[in-house]
Participant: 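Pasting a structure below so you can have a look.
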Amino acid sequence: MPAHKRPIIEYRHYSLPLNFSVFLLSGDRWRISEVKSGRLHFHNCLEIGICHTDGGTMEFEDVCMPFKAGDITCVPKHLPHTTYSSPGTASLWSYIFVDLDELYRNMFNYQPGSLDRAMSAIRENHLIMNKEEFPKVYGLATSILEELKNQKSNYQISVRGLMLALYVELLRINPVESTPKDKGKNPNQV
């Protein structure tokens, strides 16, 4: 019996600015091929994807999930994944990469890593969220995208506020469950 072939997993590091740890990839260059990559990849930060056109598949290790135009993806850091479009298409995406702990480092009294730990609790059925079922997530993600693209005065303040609202909405969709040592603490408190 042949052994199960282990997937190749690649690490992609994004050097986000410390003073504003958000990075945008957008424009016509970000079309995703229909050709499935032979490897998965993961990042050092949270990836929020906005699918603008077409559809296809996102693969998370052994789980394949369909996506379509209008979907928002929320991939916690260190989660291996890959994306490929439906045959004959090249879906157009925008990607927002963010280090939540760095973005809010001086804003809250919290334990380092607590925001990232909460995001790692995103459930499998909420890695891809469509705009019909999750209109608030869609509205917040696209508002962040527009702020980052246009960079009007005070856009960083606006992005911080919108990102915090998106974070709270994702926590509501994916509540963090307490462990015995967390008893008495609010697990969603930052």
Side-chain angles (χ1 to χ4, degrees), residues 4-17 20-100 103 119-120 122-152 155 158-159 162-163 166-167 169-170 173-174:
H4 180 68
K5 187 177 177 183
R6 294 179 63 153
I8 298 171
I9 301 175
E10 171 184 289
Y11 173 64
R12 294 186 185 167
H13 181 84
Y14 289 95
S15 296
L16 305 175
F20 186 66
S21 58
V22 180
F23 182 66
L24 174 66
L25 298 176
S26 189
D28 202 49
R29 181 174 181 261
W30 297 103
R31 290 194 173 273
I32 304 300
S33 169
E34 67 182 282
V35 178
K36 180 180 173 181
S37 172
R39 59 185 60 190
L40 302 174
H41 69 274
F42 66 96
H43 315 108
N44 60 316
C45 51
L46 174 66
E47 173 193 296
I48 299 167
I50 302 166
C51 180
H52 302 291
T53 67
D54 302 306
T57 303
M58 277 192 88
E59 192 173 305
F60 302 92
E61 296 180 285
D62 295 331
V63 177
C64 293
M65 301 173 73
F67 68 82
K68 65 183 182 311
D71 283 351
I72 303 296
T73 61
C74 189
V75 182
K77 71 180 190 177
H78 302 136
L79 179 63
H81 63 284
T82 191
T83 307
Y84 47 96
S85 296
S86 298
T89 68
S91 56
L92 178 63
W93 287 78
S94 292
Y95 293 101
I96 302 165
F97 294 94
V98 59
D99 183 330
L100 293 169
L103 189 64
M119 284 295 93
S120 68
I122 292 175
R123 306 298 189 275
E124 181 179 298
N125 56 339
H126 294 129
L127 291 167
I128 301 174
M129 294 166 279
N130 64 63
K131 68 180 176 182
E132 293 81 21
E133 189 176 352
F134 299 97
K136 193 179 267 188
V137 169
Y138 180 81
L140 289 166
T142 55
S143 294
I144 293 166
L145 172 64
E146 289 307 309
E147 286 288 345
L148 291 169
K149 285 169 75 173
N150 297 327
Q151 295 190 5
K152 294 180 180 175
Y155 81 96
S158 179
V159 167
L162 291 165
M163 192 66 74
L166 178 59
Y167 172 77
E169 189 62 23
L170 292 171
I173 294 167
N174 302 282

Participant: So do Met58 and Ile128 actually touch side chain to side chain, heavy atoms under 4.5 Å?
Facilitator: yes
Participant: Run the side-chain contact (heavy atoms from CB on, under 4.5 Å) test against Glu133 and tell me which residues pass, sequence neighbours left out.
Facilitator: Asn130
Participant: Side chains of residues 134-149: which donor-acceptor pairs under 3.5 Å do they make with residues two or more places apart or in other chains?
Facilitator:
{"residue": "Thr142", "atom": "OG1", "partner": "Tyr138", "partner atom": "O", "Å": "2.9"}
{"residue": "Thr142", "atom": "OG1", "partner": "Gly139", "partner atom": "O", "Å": "3.2"}
{"residue": "Ser143", "atom": "OG", "partner": "Gly139", "partner atom": "O", "Å": "2.8"}
{"residue": "Glu147", "atom": "OE2", "partner": "Ser158", "partner atom": "OG", "Å": "3.2"}

Participant: Please tabulate, for the side chains in residues 47-55, all donor-acceptor contacts under 3.5 angstrom to protein atoms that are two or more places apart in sequence or on a different chain.
Facilitator:
{"residue": "Glu47", "atom": "OE1", "partner": "His43", "partner atom": "ND1", "Å": "3.4"}
{"residue": "Glu47", "atom": "OE1", "partner": "His43", "partner atom": "NE2", "Å": "3.3"}
{"residue": "Glu47", "atom": "OE1", "partner": "His81", "partner atom": "NE2", "Å": "3.3"}
{"residue": "His52", "atom": "NE2", "partner": "Ser94", "partner atom": "OG", "Å": "2.7"}
{"residue": "Thr53", "atom": "OG1", "partner": "Leu92", "partner atom": "N", "Å": "2.9"}

Participant: When rounded to the nearest 0.5 angstrom, what is the spacing between CH2 in Trp30 and CG in Leu24?
Facilitator: 10.0 Å
Participant: Taking only residues two or more places apart in sequence or in another chain, which ones pass ring pair (Phe, Tyr, Trp, His ring centres under 6.0 Å) with Phe42?
Facilitator: Tyr11
Participant: Quick one: OG1 on Thr83 to NZ on Lys36, what's the gap to the nearest 0.5 Å?
Facilitator: 11.5 Å
Participant: Measuring from Trp93:CH2 to Ser85:OG, what's the distance to the nearest 0.5 Å?
Facilitator: 8.5 Å
Participant: Tell me every residue that passes side chain to side chain donor-acceptor pair (under 3.5 Å) with Gln151, counting only those two or more places apart in sequence or in another chain.
Facilitator: none
Participant: With a 4.5 Å heavy-atom cut-off, do Ile96 and Val22 have their side chains touching?
Facilitator: yes
Participant: Which atom names give the shortest non-hydrogen contact between Asp99 and Ser21, and what distance separates them?
Facilitator: O-OG, 2.9 Å
Participant: Among all residues two or more places apart in sequence or in another chain, which pass the salt bridge (Lys or Arg N to Asp or Glu O under 4.0 Å) test with Glu34?
Facilitator: none
Participant: For the residue pair Tyr14 and Phe23, categorise the inter-ring angle as parallel (less than 30°), tilted (30 to 60°) or perpendicular (more than 60°).
Facilitator: tilted
